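No experiment lies behind these values; they were computed from the predicted model shown. Chain A is the first sequence line, chain B the second, and so forth, proteins listed ahead of strands; every chain is numbered from 1.
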Amino acid sequence: MTILPRTFYTKDTVTVAKNLLGKKIVRKIGRKEISGIIVETEAYRHKDDPASHAFRNITERNKVMFGEVGKAYVYFTYGMHYCFNIVARNSRFEAGAVLIRAITPEKGIEIMEKNRGMKDSKRLTDGPAKLTQALGITKKHYGLDLTINSELFIAEGIKISSKIISSPRIGIKNATDRLWNFKIGTR
DNA sequence: CCCTAGATTTACT
DNA sequence: GTAAATCTAGGGC
């Protein structure tokens with residue numbers, strides 16, 4: 001298994017969001033391994049992106065978006081949900097991250113069902129807060145380096161044969177004219 | 001299938 | 001004080 005190097009994330013945030021489609025997210029809990037293929041992402045940038053958490057300024061919550069690329073940005077929202085992002089940008093930007101919106105489960109499906117507390121295996125990980133729950137990702141993974149072999153990292157996945165679909169990002173009010181939601185046909 | 005409402009904490013205005 | 005990069009259950013069609 002090849003872990004994606006830091007240079008993978010030193011490109012434009014939107015480009016990295018597209019490139020992450022088909023890659024593999026790996027989560028190790030003790031001796032068990034959970035993994036899935038990334039099938040939907042969204043790009044969030046900086047001053048040019050009113051929908052981004054980093055749009056206004058650096059804060060305690062978003063500071064990792066301004067730090068080294070290839071790290072995890074986990075935030076808590078709507079009073080009960082975690083969302084998982086990967087910091088990525090080129091040198092023209094001070095901040096940026098890619099939100100992982102959906103994956104297709106590969107290994108450890110039983111563990112995901114247990115973590116989610118239900119057996120709706122078709123819709124186990126088809127939303128940003130669903131996959132963090134299925135993989136057991138919480139605020140303690142904030143700032144974790146995803147380019148080294150630890151309990152959570154990103155590796156090479158599959159080759160994409162189908163076309164990439166671009167759409168407006170989900171659940172935001174600003175900048176909906178930007179088609180920075182990317183997915184591959186798996187649902 | 002589609003739509004609506006409720007849950008419940010954080011962080012910024 | 002209130003909006004938030006969401007999800008689920010429940011009711012109607």
[X] has an atom [atom1]; how far is it from atom [atom2] of [N], in whole Å?
X       : N       : atom1 : atom2 : answer
N62(A)  : dT10(B) : CG    : C1'   : 13 Å
H53(A)  : dA4(C)  : NE2   : C1'   : 7 Å
L131(A) : dA5(C)  : CG    : P     : 17 Å
K139(A) : dA11(B) : NZ    : C1'   : 9 Å
Y82(A)  : dT9(B)  : OH    : C1'   : 10 Å
I172(A) : dT6(C)  : CD1   : C1'   : 14 Å
K130(A) : dA9(C)  : NZ    : P     : 10 Å
E60(A)  : dA11(B) : CD    : C1'   : 11 Å

(Q) So for Y75(A) and dA5(C), does any side-chain atom that can act as donor or acceptor lie under 3.5 Å from a complementary atom in the base? (A)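 It does, because a donor-acceptor pair links the side chain of Y75(A) to the base of dA5(C) below 3.5 Å.
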
For [N], does OP1 or OP2 lie under 4.0 Å from any side-chain N or O of [X]?
X       : N       : result
R116(A) : dC7(C)  : no
K173(A) : dA4(C)  : yes
R123(A) : dC7(C)  : no
R56(A)  : dA11(B) : no

Q. Just wondering, are more than 12 heavy atoms of other shown residues or ligands nearer than 6.0 Å to NZ in K114(A)?
A.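 It does not: K114(A) NZ has 12 such atoms or fewer within range.
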
(Q) Could you tell me the Watson-Crick or G-U partner of dT8(B), where both distances fall under 3.5 Å? Say none if there is no partner. (A)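 Paired with dT8(B), as far as the under-3.5 Å criterion goes, is no nucleotide at all.
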
Q: Counting Watson-Crick and G-U wobble pairs only, both distances under 3.5 Å, name the nucleotide matched with dG10(C), or none.
A: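 Answer to the pairing question: dC3(B), which forms a Watson-Crick or G-U pair with dG10(C).
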
Q. Is F76(A) touching bases, backbone alone, or none of the nucleic acid, heavy atoms closer than 4.0 Å?
A.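 Since only primed, P, OP1 and OP2 atoms lie under 4.0 Å of F76(A), the category is sugar-phosphate.
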
Q: Pick base, sugar-phosphate or nothing for R61(A), based on heavy-atom distances below 4.0 Å to the nucleic acid.
A: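 Answer is sugar-phosphate: R61(A) comes under 4.0 Å of backbone atoms only.
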
Q.
Could you report the tightest heavy-atom contact between L144(A) and L152(A), atom names first, then the distance?
A.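 Smallest heavy-atom distance, with atoms named: CD2-CB, 3.7 Å.
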
Q) Using atom P of each nucleotide, how far apart are dA3(C) and dA5(B) to the nearest Å? A)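 Rounded to whole Å, the distance is 16 Å.
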
For [X] and [Y], test the side chains for any donor-to-acceptor distance below 3.5 angstrom and give the result as yes or no.
X       : Y       : value
T147(A) : R6(A)   : yes
Q133(A) : N115(A) : no
Y82(A)  : H141(A) : no

Q: Select from Q133(A) and I170(A) the residue whose nearest nucleotide in DNA chain C is closer to the 5' end of that strand.
A: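 In this pair, the answer is I170(A).
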
Q) When the nearest nucleotide of DNA chain B is assigned to M80(A) and to T59(A) on a heavy-atom basis, which residue is associated with the more 5' position? A)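 Its nearest nucleotide lies further toward 5', so the answer is M80(A).
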
